[in-house]
Amino acid sequence: MTATGGVAACDASELQRVHRALRTLSASNRALLRAEDEDALFHEFCRIAVEEGGYRLAWVTRAEHDEAKTVRPIACAGVNEGYLESIQVTWADTLLGQGPTGTAIRTGKPSVIQNIQTDPREAPWREASVARGYGSLLSMPLRVEGVVIGAISIAAPEPDAFGADEFALLGETAEDLAFGIETLRMRARHRAAEETIRRMAWFDSLTGLPNRVQLDERLHAALDEAKGANRPLAVLYLQIGSFREITEALGYRESDLLLQEIARRLGSFDAGGTLARVGDDAFVIVLARGDSEAARGLAQRILASLAVPVELSGLLLDARASIGITLYPGHGDDPEALLRRAAVANFQARQTGQRHAFYAGGLDSECTRRLALMGELRRAIEGEELRLFCQPKVEISSGLVSGVEALVRWEHPRLGMIDPGGFIALAESAGLITPLTYWVLGAALRQSYAWHSAGLAVPLAVNLSPHDLRDPQLLDRVRGALATWGAQPDWIAFEITEGALMDDPGGARSRLAQLKDLGVELFIDDFGTGYSSLAYLQKLPIDSIKIDQSFVGSMANDEDSAVIVRSTIEMAHNLGLRVVAEGVETHAIADQLARLGCEAAQGYCISRPMPVAQFAEWTAGFSWVH
């Protein structure tokens, strides 16, 4: 504000005018913080000036650089829609350009008409302005990045408005809007630059296809999905024959046209995966749901398409190519191995005169080891090599053991005791995860029977994988296991990771409802890592959630983790759910959880996983002090 002393001396009406300008300035600046595009900002400003400021009209115009120097309305408030478009205004030095709007644009300075009824500059529009109750009119140039792009016009109902203080405040408003437009344009340029950089980093500039960097990320994702769904995946490595000779004979321009035509033909095949250019003369196709037959069929169709000659420089050239193929899991389970071996297979195809070939170079030692372990794991499930472990859960308030989580270890005759991290992923790849779950289920109920016979009634929780939730025999196997041991539903509980739920939300909800009908307790495990929504959680027939240890373990020294834990506990309680905290390694964390109202804890400060045979003795000697 430029004249504070002057404001103090204003009469009441002048003070009201200053206040309306202040309201307009303040609300406009708040709108600037929320603005995402220019036109929306202009519309919001006009609304603010009329509805919150109390002006009769607000009008934002753009100066066109056509022959007539037209003034085009962008946004307005206070008049019927279409009115401003119906009147003629120009910023040329003519009769229609003498009004405040045209003058402000033309001169780059504010222009004001203090009395619309008497000022001759308003003559072309006086009748309409008076009919709409305009007494005075102020127009201010809208200067963006040093150039006047239009004007902001405001009409007041009384004549002789826009005194020095009101004028200054509205001028500041116009400057702030101009700054806001500059900021929005800068953001737009930054987004455009970022998009250009992204395309340069992720796409091949000649063909527009994903490049090697993006292929690597997509192949990682495709492999993760294939592993999760226990299905095969194929990688086809295509190399153009005689590409170097064509480039040397016809030049880079013609060879670029050849590459673009090949990319177009390859793109015509809906392979359900990724097509990328990975070298001067090489492309890769990821067949996301491809076994050997699907990969062979696609390779044959591609080669048939490329057999049609390409016309370059008046010549019909045969875009002869060879294709090497690798398969997951048979030829590897990581992107680097599959790509490297597909390139080797391509070389083998060219060496033997074939058009396409599967990798036949032998498996490396890691693949050999994994394949051997797959076979051994199957025997371990069927034999006597798996061991049931458990980890207790304790009620924080009372110190009573409220349950245990069933865990599995593999006592390998040659490699010794193997933790789950060493073979769970292997079981998923080999399609053995559900047989492994059923082994744990049976072992857990056998142990529960022994505990109940000894007077130890503690429920054992069994983990279910995404494969288990999709298994049509799951309910029958659970019922059969309960019947085998004469078990009640409260002997057993099931833990399902949040990520497993989000793999198939609808199917998971249906299967959980069926499990809940059996009377068992249901937990969501690793909560906070699977991005489930509150609305989805409300629909699930669950009893408890387990907060993931990545948040619990760091909550004592990481405020973000503490906020997540606190919010999760509050949300769970609002939904009527109990909360178990995983990864509780210190009593300090247990105390913090107690203050937050968390019901139960599980972690090393209570007990590490132990063989189930040791649990009864551990329980007898356990004392919870925190």
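Note: hydrogens, waters and symmetry copies are ignored here, and every other heavy atom, side chains too, is used. Numbers for residues simply follow the sequence, beginning at 1.
Using a distance-only test at 3.5 Å, with no hydrogens or angles considered, no donor-acceptor pair links the side chain of Arg379 to the main chain of Glu382. Listed for the Asp548 side chain is no donor-acceptor partner under 3.5 Å among the backbone atoms of Phe551. In this structure, the side chain of Asn211 engages the main chain of Gln214 through a donor-acceptor pair within 3.5 Å. Under a 3.5 Å cut-off, the side chain of Asn346 and the backbone N or O of Tyr237 do form a donor-acceptor pair.
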* Intermediate values then yes/no, side-chain contact (heavy atoms from CB on, under 4.5 Å), Leu338 and Leu223 -> CA-CA 10 Å; Leu338 289 172; Leu223 274 171; 3.8 Å; yes

* To do: Give the C-alpha distance, both sets of side-chain angles, the deciding distance and a yes or no for side-chain contact (heavy atoms from CB on, under 4.5 Å) between Asp216 and His220.
  => CA-CA 6 Å; Asp216 185 67; His220 269 98; 3.5 Å; yes

* Leu233 and Glu225: CA distance, side-chain angles, deciding distance, side-chain contact (heavy atoms from CB on, under 4.5 Å) verdict -> CA-CA 10 Å; Leu233 174 147; Glu225 185 177 348; over 6 Å; no

* **Ile569 and Ile547: CA distance, side-chain angles, deciding distance, side-chain contact (heavy atoms from CB on, under 4.5 Å) verdict** => CA-CA 9 Å; Ile569 292 171; Ile547 306 177; 3.9 Å; yes

* Asked: So Arg511 and Gln514, side chain to side chain donor-acceptor pair (under 3.5 Å) or not? Walk me through it.
  -> CA-CA 5 Å; Arg511 185 50 54 90; Gln514 293 171 329; 2.7 Å; yes

* Are Thr434 and Asp468 close enough, and set up right, to give a side chain to side chain donor-acceptor pair (under 3.5 Å), and what steps lead you there? -> CA-CA 6 Å; Thr434 296; Asp468 300 329; 2.8 Å; yes

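Judged as a side chain to side chain donor-acceptor pair (under 3.5 Å), and not counting sequence neighbours, Arg34 has no contacts.
Between Arg578 and Glu395 there is a side-chain heavy-atom pair separated by less than 4.5 Å. Contact annotation: the side chain of Gln614 never approaches that of Cys390 to less than 4.5 Å [non-hydrogen atoms, C-beta and beyond]. Side-chain contact check for Glu521 versus Phe523: some heavy-atom pair is nearer than 4.5 Å. Val394 is not listed as a side-chain neighbour of Val584, based on a closest heavy-atom distance of 4.5 Å or more. The shortest distance between side-chain heavy atoms of Val520 and Trp491 does not fall below 4.5 Å. His331 has its side chain out of reach of Arg340: every pair of non-hydrogen atoms, C-beta onward, lies at least 4.5 Å apart. Put simply, the side chain of Leu482 reaches to within 4.5 Å of the side chain of Leu445, judged on heavy atoms. Counting only heavy atoms from C-beta outward, the side chains of Val579 and Cys598 approach each other to under 4.5 Å.
Within the model, atoms CD1 of Ile542 and CD1 of Ile496 stand 8.5 Å from one another, a figure rounded to the nearest 0.5 Å. Within the model, atoms CD1 of Ile433 and CZ of Phe423 stand 8.5 Å from one another, a figure rounded to the nearest 0.5 Å. Taken to the nearest 0.5 Å, the CZ atom of Arg296 stands 13.0 Å off from the CG atom of Leu287. Between the CH2 atom in Trp451 and the OG1 atom in Thr619 there is a gap of 7.5 Å [rounded to 0.5 Å]. Between the NZ atom in Lys516 and the CZ atom in Phe494 there is a gap of 11.5 Å [rounded to 0.5 Å]. Annotation: the span from Asp543 atom CG to Ile524 atom CD1 amounts to 10.5 Å, rounded to 0.5 Å.
Across all non-hydrogen atoms, the minimal contact from Met555 to Ala562 is O-CB, 3.6 Å. Scanning all heavy atoms of the two residues, the minimum distance from His356 to Ala349 falls at C-CB, 4.1 Å. When all heavy atoms of Arg218 and Thr274 are compared, the closest pair comes out as CD-OG1, 3.3 Å. Shown here for Leu275 and Pro210, the closest heavy-atom pair between the two residues is O-CD, 3.1 Å. What you find for Ala556 and Ile589 is that their closest heavy atoms are CB-CG1, 4.2 Å. Nearest heavy atom pair, residue Ser448 against residue Leu460, reads OG-CD1, 3.7 Å.
Aromatic ring pairs are classed by plane angle as parallel below 30°, tilted from 30° to 60° and perpendicular above 60°; the pair Phe615 and Trp618 is parallel.
Between Arg187 and Glu36 there is no salt bridge, since no side-chain nitrogen of the basic residue lies less than 4.0 Å from a carboxylate oxygen of the acidic one. Between Lys393 and Glu495 there is a salt bridge, since a side-chain N of the basic residue sits under 4.0 Å from a carboxylate O of the acidic one.
For residues 565-574, the set of pairs meeting the side chain to side chain donor-acceptor pair (under 3.5 Å) definition, not counting sequence neighbours, comprises His573-Glu599. Residue pairs meeting the side chain to side chain donor-acceptor pair (under 3.5 Å) criterion with at least one partner in residues 401-414, sequence neighbours excluded, are Glu376-His412, Glu385-Trp410, Arg387-Glu411, Glu405-Asn463, Glu405-Lys546, Glu405-Gln602, Arg409-Asp419.
Around the CD atom of Glu336, the shell of radius 6.0 Å holds more than 12 heavy atoms that belong to other residues, nucleotides or ligands. Within a 6.0 Å radius of CZ in Arg231, other residues, nucleotides and ligands contribute more than 12 heavy atoms. Crowding of Arg189 atom CZ: a count of heavy atoms from other residues, nucleotides or ligands under 6.0 Å exceeding 12.
The residue from Ile381, Thr437, Val440, Ile418 that alone fulfils the side-chain contact (heavy atoms from CB on, under 4.5 Å) condition with Val408 is Val440.
Both tests do not hold together for Arg446 against Tyr449: distance to the six-membered ring centre under 6.0 Å, angle to the ring axis within 45°.
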